[in-house]
Amino acid sequence: MTALDSDLRFSSIAEVIERLEPSYPVFCIFPDVLRARAKAFVEGFPGTVLYAVKCNPHPYVLEALAEGGISHFDTASITEIATIARLMPEARCYFNHPVKGRGALDAAAKVYGLEDYVVDHADELDKLISIAGTDITVEVRIATPKGKAVYDLSAKFGATPDDAAALLKEARQRGCRTALAFHVGSQCTDPSAFRVAIELAAKVRDKAGVPLEYLDVGGGFPAIHKMNVPPLADYFGAIARACDEFGFDIPLLAEPGRALVADGCSVLTQVHLRKGDDLYINDGIYGCLSEIRDGDLDPPVRAVTRAGPLAGPTQPFRIFGPTCDSLDVLKLPFHLPETISEGDWIEFGQMGAYSIGMQTGFNGFITDTIVRIAGMHEEFVY
Ligand SMILES: *Cc1c(COP(=O)(O)O)cnc(C)c1O
C-alpha cells in the first residue's frame with residue numbers, strides 16, 4: 001500500500017498496524033469522534049456554530065463535522081472558501097480574516113457570493129466596499145485581553161474599542177449591515193475571558209449606537225489534552241450569562257476550531273532508531289507535530305508493537321523528528337516503555353488541531369497517508 005491509496009478504512013489502530021505495517025507516518029481520522037464533538041457543540045452553544053477551517057481542512061474532517069450538524073464555516077482564504085464550496089455547496093462561509101487581498105475579495109464576493117466579512121481597520125473597510133459593495137455584513141473585530149489562552153490572537157488583529165465603534169458607524173453610514181466579533185485567544189482555559197470580551201463588546205456597541213446583526217464570540221474553546229480544562233458547558237454558560245448581563249439579545253455565532261477536532265485524530269509514527277534515551281521517529285515539528293512545541297502541548301502517547309500495546313515500566317525519552325535539522329525535536333520528555341525499540345510505533349493522540357494543516361514537506365518528509373478509523377477511540381478520548 002502507498003500513500004496514494006484512497007479511502008483506507010479501519011476499525012482500530014491495531015488493524016492499521018496489522019494491515020499496513022507502516023514505516024511512514026499515518027494520519028488517523030476518527031469520524032465518529034468528530035461527529036460526536038460537532039453534535040455536542042451545536043446542541044450546547046446558544047447560537048450558530050461556524051467551524052474554523054484552518055484548524056484542520058482535511059475533507060474527511062469537514063465531512064464528519066457536517067454530518068454532526070455543522071453547516072457554517074469560518075474561512076480565511078479563497079482556498080478554504082473554494083474547498084467548502086466544492087464539498088458542501090449548501091454551506092455558508094464567512095470571510096473572517098481581517099486582511100484580505102483584492103483578488104480574494106473579488107472572488108469571494110463575485111464567484112462565491114459571501115455576505116459576511118471581518119474588518120479591523122478603515123482602509124480595509126474601503127477596500128472591502130469598493131469590491132464587494134454594501135449589501136454585506138461588516139463584522140468589526142475588536143482586540144481582547146489575552147487572559148489565560150495559550151495563543152494571543154489579538155496581538156496581530158483587532159481594533160481598539162474607539163476605533164471599532166468608529167468603524168461600525170462608518171460601515172453603517174455607507175449602507176452595510178453591521179456585526180461585532182472577537183477572539184479571546186486559542187486554547188483559552190478560563191471561561192471568564194468570554195465575559196471580559198462580551199463586556200468590551202457591549203461598550204463598543206453602546207458607543208457606536210448602530211444595529212447589530214449578530215455577536216461573533218470567536219473560537220478559543222480548549223481541547224482537553226492532559227490539561228485540566230473546564231468542560232465546554234462552563235464556557236457556554238459564561239457566554240449566555242454575560243450576554244444577559246450586558247444586554248445582548250441578538251443572534252450569537254462561535255467559531256471553534258480546536259475544541260471540535262483535537263481528539264478526533266491521531267498521528268501514528270514509527271521509531272526508526274533508538275540511541276539510548278533518544279528516539280528518532282518519522283514525524284516531527286515540520287510535519288504534524290509542530291504544536292507540541294509551539295503550543296506547549298502534552299498530548300497522550302502510547303507505544304504499540306505488532307503484538308499490541310507495549311506495556312511495562314516507563315522512562316522519559318527525547319523524541320527527534322525525521323528532518324536533518326537539529327531543531328526538529330519535540331520539547332517534552334515523553335514517558336514510554338523502557339523496552340521500546342526500532343520498528344515499534346508511537347501513537348500521538350488528540351492531534352486533530354493544527355497538525356495536518358500545518359505540515360511543510362521540508363526535507364521531503366510529509367504525512368500523506370490519511371486513514372479513517374471507526375469507533376470512539378476509547379484509548380484517547382476522555
Ligand atoms: C484560529 C481562529 C479560530 C479558531 O480558533 P480555535 O482556538 O482553534 O478555536 C476562530 N476564529 C478565528 C478568527 C481564528 O483566527
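When a ligand or atom number is given, it counts from 1 through the structure's own listing order. The figures here come from the full heavy-atom set of this structure, side chains too, leaving out hydrogens, waters and symmetry mates.
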- Item | Ring-face cation of R141 near F157 (centre distance under 6.0 Å, axis angle within 45°) | no

- Query: Does NZ or CZ of R258 come closer than 6.0 Å to the centre of the six-membered ring of F221, within 45° of the ring's axis?
  - Reply: no

- Query: Would a distance-only check, ignoring hydrogens and angles, find a side-chain to backbone donor-acceptor pair under 3.5 Å from K100 to V118?
  - Reply: yes

- Does any N or O in the side chain of S11 come within less than 3.5 Å of the main-chain N or O of A374, such that one atom is a donor and the other an acceptor? no

- Message: Using a strict threshold of under 4.0 Å (side-chain N to carboxylate O), is an ion pair present between K39 and E67?
- Response: no

- So does K156 pair up with D120, basic N to acidic O under 4.0 Å? no

- Message: Please output the residues near ligand 1 using a strict heavy-atom distance under 4.0 Å, listed in chain and residue-number order.
- Response: A52, K54, D74, R141, H183, S186, G219, G220, E255, P256, G257, R258, Y354

